[in-house]
Colleague: 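Please see the structure below; I have some questions.
Note that the structure is predicted; figures quoted are calculated from it, not measured. All chains are named by letter (A, B, ...) in the order of the sequence lines, taking the proteins before the strands, and each is independently numbered beginning at 1.
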Amino acid sequence: MSDRESGDEQQQQAQGEQELATRTLTIQSKRFYLDVKQNRRGRFIKIAEVGAGGKKSRLLLAMSTAAEFRDYLTEFSDHYSSLGPPNPENLPEDGKLKSEMITKDNKRYYLDLKENQRGRFLRVAQTVQRGGPRSQIAIPAQGLIEFRDSLTDLLDEFGTDDQEGQSELPESKYMRVENKVFYFDIGSNRRGIYMRVSEVRSNYRTAITIPERSWARFRDILSEYVDKNSSTKKEGE
DNA sequence: TCGGCAG
């Protein structure tokens with residue numbers, strides 16, 4: 001565990017990552033570390049959650065994303081305060097009391113105010129990278145304001161200026177099909193350019209990542225099926 | 001008190 005920790009640190013050093021500021025807050029025996037960091041791609045905020053049992057999870061947000069997130073925190077907190085006492089009778093099927101989605105820098109973040117036996121909390125989840133750890137945190141609803149205030153401090157101090165030249169990637173597109181929505185997001189990492197196709201239903205989300213070098217083959221395969229399908233339709237008529 | 005239902 002601490003081996004992995006120091007491994008991370010070393011990797012960060014090697015990547016020229018520097019920490020500009022940090023805030024710590026404790027909400028119901030959970031600790032949150034909000035760090036402003038910077039590497040050659042720009043500034044970002046790292047949110048780390050450490051549970052009572054030492055369980056960790058983290059979330060990375062570009063500054064502009066963090067600003068948008070901050071605004072939603074107010075909204076979610078307002079919504080939370082407007083709720084009556086927990087009422088197991090009329091809880092939505094999926095347990096989500098309010099949902100929002102942030103799309104920035106070709107990444108999707110899902111904000112869900114949820115409720116379980118323990119109480120209400122805001123879950124913030126980013127579409128997971130294949131093979132990587134799931135990227136999500138859960139903030140107890142009682143601490144949303146405090147969380148927002150800490151985030152605001154950092155944003156006020158370090159601005160919302162992001163990596164500028166990074167958004168030369170194509171705009172996201174989406175498509176509604178029956179009861180689902182598909183999102184097409186173009187992103188890039190050290191391995192190259194890729195398309196992330198997310199399928200979003202009311203209570204189910206999943207995504208696949210398609211490397212750019214295989215797009216043409218995807219298109220060809222789709223065309224094949226489309227052509228075959230339209231010819232069988234003709235024959236049927 | 002301590003935790004957050006997935007594929």
Side-chain angles (χ1 to χ4, degrees), chain A residues 1 5 23-34 45-61 65-66 69-70 72-102 107-148 150-151 174-185 194-210 218:
Chain A
M1 169 86 126
E5 267 294 286
R23 291 275 185 293
T24 307
L25 58 162
T26 305
I27 305 171
Q28 294 184 327
S29 81
K30 238 185 202 181
R31 293 204 139 217
F32 291 94
Y33 299 92
L34 310 189
I45 289 188
K46 175 184 165 191
I47 301 174
E49 170 192 324
V50 182
K55 269 177 293 182
K56 292 189 185 178
S57 38
R58 50 178 67 74
L59 199 63
L60 267 36
L61 264 36
T65 314
F69 176 48
R70 189 264 318 273
Y72 276 127
L73 285 174
T74 309
E75 232 181 75
F76 274 97
S77 179
D78 287 348
H79 186 79
Y80 165 65
S81 355
S82 78
L83 295 171
N87 184 355
E89 313 286 272
N90 62 2
L91 188 63
E93 192 62 35
D94 56 3
K96 289 174 191 164
L97 302 163
K98 177 178 166 68
S99 291
E100 295 288 350
M101 190 175 64
I102 298 175
K107 290 192 181 101
R108 285 181 192 288
Y109 298 86
Y110 301 97
L111 316 185
D112 299 303
L113 185 66
K114 304 189 76 182
E115 177 178 305
N116 63 16
Q117 307 86 327
R118 296 256 181 238
R120 288 158 172 162
F121 59 97
L122 181 69
R123 193 187 60 189
V124 188
Q126 192 200 329
T127 47
V128 291
Q129 297 297 101
R130 194 179 138 78
R134 79 167 52 261
S135 209
Q136 64 172 37
I137 56 170
I139 308 166
Q142 295 89 330
L144 286 175
I145 290 294
E146 196 186 345
F147 197 97
R148 183 203 58 189
S150 295
L151 192 53
Y174 72 94
M175 183 171 88
R176 271 174 205 288
V177 181
E178 289 156 22
N179 63 340
K180 48 179 82 164
V181 186
F182 291 104
Y183 292 94
F184 303 85
D185 302 308
Y194 59 87
M195 180 187 296
R196 189 114 179 117
V197 182
S198 302
E199 172 189 342
V200 179
R201 280 185 271 163
S202 58
N203 55 3
Y204 176 67
R205 299 192 274 251
T206 190
I208 60 169
T209 307
I210 309 170
F218 266 83

Colleague: Go along nucleotides 2-7 of chain B 5' to 3' and tag each nucleotide: B for a protein heavy atom under 4.0 Å from its base, S when only backbone or sugar atoms are that close, - otherwise.
Modeller: BBBSSB
Colleague: A/Q136 versus A/Y110: any side-chain heavy-atom pair under 4.5 Å?
Modeller: no
Colleague: Rounded at 0.5 Å granularity, tell me how far CD1 in A/I47 sits from CG in A/L61.
Modeller: 5.0 Å
Colleague: How long is the straight-line distance from CG of A/L113 back to CG of A/L144, given to the nearest 0.5 Å?
Modeller: 7.5 Å
Colleague: Could you tell me whether A/K180 and A/E178 have a side-chain N and a carboxylate O separated by less than 4.0 Å?
Modeller: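 A salt bridge is absent here (no side-chain N lies under 4.0 Å from a carboxylate O).
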Colleague: Taking the six-membered ring for Trp, is the centroid-to-centroid distance between A/F69 and A/Y109 below 6.0 Å?
Modeller: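 Centroid separation for A/F69 and A/Y109: 6.0 Å or greater.
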